[in-house]
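Heads up: numbering here begins at 1 and tracks the sequence.
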Amino acid sequence: MHIKKLPRDDRSCGWYQLLPDPKPARTLSGRQSADWVVVGAGFVGLAAARRVAALRPNDRIMLIEALRIGQGASGRNSGFVIDLPHKRDLENLDVGYKSKVMRLNEAAISSLEDAVQRHGIDCQWSRAGRYQAAVGSRGLEYLTTYKTLLDNIGHPYRWLDRSSLASVLGTSYYEAAIHIPTGILMQPAALVRGLGETLPPNVEVYEQSPITKIDRSAGRIELSTSQGSVVTPQLLLGTNVFSAEFGFLRQRMVPVMTFASITRPLTSPEMESYGGADDWGLTPADHAGTTMRFTSDRRLLIRNQHRFVPDYTGKADDITIVRQNHRKGLIGRYPWAKDVEFEHTWGGICGMSRNYAAFFGKIGDGVYASACHQAVGAARGTISGQLLADLATGQDSQLLSDMADVSGMPALNPPQPFLGVGVRARMKYAAWASRSER
């Protein structure tokens, strides 16, 4: 089967563009064979490759990435590794379900933190926690509900009113917030690249090698690129929405792109005008609101707006509109920042499902996949990648059981154009309903 839609890098991702140039890529060439092939070097693929290497130290493991490591979706998020069940997972009435999600997320954070510390990965890793914030009355209703949900699971938090919050954020734009002391902030592209550069020696990494064809027959799997191919009995997919191009989970994921802009570093006079704290991250109480970051290198990041992207890519016109709206949102919070330019504006694709189910497990003979992470891929991707390796190698654990319990089959989508009409209408309504929270 030929793969028609391939990942591409538009060279817009601020996190990646701020990194030094990487070493030249090693690309897949010639006819190869491997005991294991992992496709996709995001959080899922990197964790899966690392774990297989530990469990099968004498096996040949190949990790194949279409772009450079860090250019894809895992390097394009807002830089949170969230331990709590997020959004609708937290709203689930089953306390046992939420406990399982938390155990999985905490295991992901522990694993990532161990790698960061052991290998000295420079990625602005910080246990600064996270603020869940509200702008107006709609946001306050969500925030009050969020407080109740935290009370129900006994998770620590601190409520901040407008004045207390202003001393941290450097703006009185927000009505109130809850500070959750757990969870991680980081520079995602730096983290992903660092994880790729510190894999065990029995993992061979091939970049800029998009798979253009997959052939599954006679108990073997052959993957081809423009310059080479590899035959393997075991394939682990960390390809998220692109899994459909490999013939799996077709018409079960909704590809959605979210957008972020990041400023240049603030000058010393601008820091005086800002007057807030260093190194914080804020997510909106209203699901369709605005995410904010103040990074340890003095940059402001703003993220909001969504697009349905059936071709897995954004449009230049969209980026222009997004950037203008981000500028409006930034100035609304920080009027003094009217001369602080955005250095980068970018989109990152995530896989959603209509029933909010994330997929994990065996998906074909010798094929395993983790996909459709509902926009929380840093923690979910990391732990599901590790456990995917465990599943494929016959391991057993409580975490593996937990992962099976919190996973499911994404709902089948209606055909186009009905899917596009429905998704765009829903996004438009959500943006209108949460306009006061932007």
Is any side-chain heavy atom of [X] less than 4.5 Å from a side-chain heavy atom of [Y]?
| X | Y | result |
| --- | --- | --- |
| Val81 | Phe43 | no |
| Met409 | Leu249 | yes |
| Asp390 | Leu55 | yes |
| Phe359 | Met253 | no |
| Glu141 | Arg138 | no |
| Trp15 | Leu301 | yes |
| Thr182 | Glu106 | no |
| Gln187 | Thr295 | no |

Decide salt bridge (charged side-chain N to carboxylate O under 4.0 Å, His left out) for Asp94 and Lys98; before the verdict, give the C-alpha distance in whole Å, the side-chain angles of both, and the deciding distance to 0.1 Å. CA-CA 7 Å; Asp94 184 348; Lys98 289 185 280 195; over 6 Å; no
Is it the case that Arg380 and Ser407 place a side-chain donor and acceptor less than 3.5 Å from each other? yes
Which value, rounded to the nearest 0.5 Å, describes the distance between [X] atom [atom1] and [Y] atom [atom2]?
| X | Y | atom1 | atom2 | value |
| --- | --- | --- | --- | --- |
| Ile319 | Trp346 | CD1 | CH2 | 10.0 Å |
| Asn240 | Ser370 | CG | OG | 8.0 Å |
| Ile211 | Thr225 | CD1 | OG1 | 6.0 Å |
| Met186 | Ser126 | CE | OG | 11.5 Å |
| Ile109 | Ile184 | CD1 | CD1 | 5.0 Å |
| Leu282 | Thr171 | CG | OG1 | 10.5 Å |

Test side-chain hydrogen bond (donor to acceptor under 3.5 Å, both in side chains) applied to Tyr312 and Glu245, step by step: CA-CA 11 Å; Tyr312 313 139; Glu245 302 303 311; 3.0 Å; yes
Is there a side-chain contact (heavy atoms from CB on, under 4.5 Å) between Tyr173 and Leu165 once you walk through the steps? CA-CA 9 Å; Tyr173 187 84; Leu165 192 57; over 6 Å; no
Evaluate Leu266 against Ser273 for side-chain contact (heavy atoms from CB on, under 4.5 Å), listing each step before the verdict. CA-CA 10 Å; Leu266 301 185; Ser273 298; over 6 Å; no
Considering all heavy atoms, the nearest [X]-[Y] contact:
| X | Y | value |
| --- | --- | --- |
| Asp10 | Arg76 | OD1-NH2, 3.0 Å |
| Leu90 | Tyr146 | CD2-CE1, 3.2 Å |
| Ala337 | Arg327 | O-NH1, 3.3 Å |
| Met62 | Leu28 | CE-CD1, 3.4 Å |
| Ser243 | Ala371 | OG-CB, 4.2 Å |
| Ser12 | Thr345 | CB-O, 3.5 Å |

Given side-chain contact (heavy atoms from CB on, under 4.5 Å), test Arg426 with Val254 step by step and report yes or no. CA-CA 13 Å; Arg426 185 168 182 173; Val254 180; over 6 Å; no
For His287 and Tyr142, take the angle between the two ring planes, folded into 0 to 90°, and tell me which bin it lands in: parallel under 30, tilted 30 to 60, perpendicular over 60. tilted
Between Phe294 and Tyr274, what is the ring plane arrangement, given parallel below 30°, perpendicular above 60°, and tilted in between? parallel
If we check salt bridge (Lys or Arg N to Asp or Glu O under 4.0 Å) with Glu207, which of these qualifies: Lys23, Arg68, Arg193? Arg68
Between Thr263, Asn304, Thr290, which is the residue that forms a side-chain contact (heavy atoms from CB on, under 4.5 Å) with His326? Asn304
Under a 4.0 Å N-O cut-off, is there an ion pair linking Arg8 with Asp311? no
How far apart are the C-alpha atoms of His373 and Cys350, what are their side-chain angles, what is the distance that settles it, and do they pass the side-chain contact (heavy atoms from CB on, under 4.5 Å) test? CA-CA 7 Å; His373 300 138; Cys350 48; over 6 Å; no
